[in-house]
Amino acid sequence: MRPFKHPPASELILERVLYALSDPVRLEIVQRLADVAEASCGELDGGRPKSSMSHHFRVLRDAGLVMTKSVGTTHMNSLRRADLDDRFPGLLDAILAQRS
């Protein structure tokens, strides 16, 4: 299994972050990850098909919102809160404050 690629914090782009968060499924994943240290893909899929969830996690990783690591056969995800707060101070807090 190939390791996941994650952009360095210095290369996070605001437009990519906002695009990733514009989808309700991806926003829900980020909101759920904000409440836990890490969670598996299965814990975050909400019963959705694995193929569509793979796409959503890739978009989140590419935008720099999520860090994914392999633990055996499980993919564990965590929110890159510190990197996001350093690069875009207050952005994540403002987005998470809008939970419905």
Side-chain angles (χ1 to χ4, degrees):
M1 185 180 309
R2 289 184 292 156
F4 294 102
K5 293 182 182 179
H6 302 91
S10 62
E11 294 179 16
L12 299 183
I13 299 168
L14 181 60
E15 292 84 356
R16 267 196 191 151
V17 170
L18 294 176
Y19 168 76
L21 293 171
S22 70
D23 183 276
V25 172
R26 294 190 292 264
L27 179 58
E28 179 186 332
I29 291 168
V30 169
Q31 290 171 332
R32 291 180 66 195
L33 283 174
D35 295 332
V36 297
E38 63 182 9
S40 69
C41 294
E43 293 172 306
L44 299 167
D45 70 8
R48 295 175 185 95
K50 186 175 179 179
S51 59
S52 67
M53 292 309 293
S54 294
H55 166 74
H56 289 305
F57 282 109
R58 184 181 50 78
V59 171
L60 290 169
R61 273 193 305 275
D62 290 348
L65 286 155
V66 172
M67 175 74 67
T68 304
K69 65 180 180 180
S70 295
V71 179
T73 59
T74 304
H75 296 149
M76 296 302 292
N77 302 280
S78 58
L79 189 59
R80 292 179 62 183
R81 182 180 275 280
D83 290 339
L84 290 161
D85 288 344
D86 287 345
R87 184 83 167 122
F88 309 112
L91 176 67
L92 193 57
D93 288 334
I95 289 166
L96 293 173
Q98 299 303 312
R99 292 184 194 198
S100 46

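Computed from a predicted model, the values in this text were never measured in an experiment. Counting begins at 1 with the first residue of the sequence. We use all heavy atoms of the structure for the numbers below, so side chains are in, but hydrogens, waters and symmetry mates are not.
- Here the CG atom belonging to Asp83 is positioned 10.5 Å from the NE2 atom belonging to His6, to the nearest 0.5 angstrom.
- Considering only heavy atoms from C-beta on, Asp23 stays 4.5 Å or farther from His55 through its side chain.
- Between the side chain of Arg26 and the backbone N or O of Ala20 there is at least one donor-acceptor pair closer than 3.5 Å.
- Ring centers of Phe4 and His75: under 6.0 Å apart, within the cut-off.
- Taken from CG in Leu60 to CG in Asn77, the straight-line distance is 8.5 Å, to the nearest 0.5 Å.
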Quick one: do Arg58 and Asp62 satisfy salt bridge (charged side-chain N to carboxylate O under 4.0 Å, His left out)? Show the steps, please.
CA-CA 6 Å; Arg58 184 181 50 78; Asp62 290 348; 3.4 Å; yes
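- At least one donor-acceptor pair closer than 3.5 Å links the side chain of Arg32 to the backbone N or O of Glu43.
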I would like to know whether Asp86 and Arg80 meet salt bridge (charged side-chain N to carboxylate O under 4.0 Å, His left out); could you show each step before the answer?
CA-CA 10 Å; Asp86 287 345; Arg80 292 179 62 183; over 6 Å; no
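- Residues Gln31 and Gln98 fail the side-chain proximity criterion, which asks for heavy atoms closer than 4.5 Å.
- Expressed to the nearest 0.5 Å, how far CD1 of Ile29 lies from NE2 of His56 amounts to 6.5 Å.
- Considering CG of Leu14 and OH of Tyr19, their distance stands at 15.0 Å, rounded to 0.5 Å.
- The minimum heavy-atom distance linking Ala63 with Val17 is given by the pair O-CG2, 3.5 Å.
- Taking the side chain as every heavy atom from C-beta outward, Val30 and Leu92 approach each other to under 4.5 Å.
- Between the OG atom in Ser40 and the CG atom in Asp45 there is a gap of 8.0 Å [rounded to 0.5 Å].
- How far CG of Leu65 is from CD1 of Ile95: 8.0 Å, rounded to the nearest 0.5 Å.
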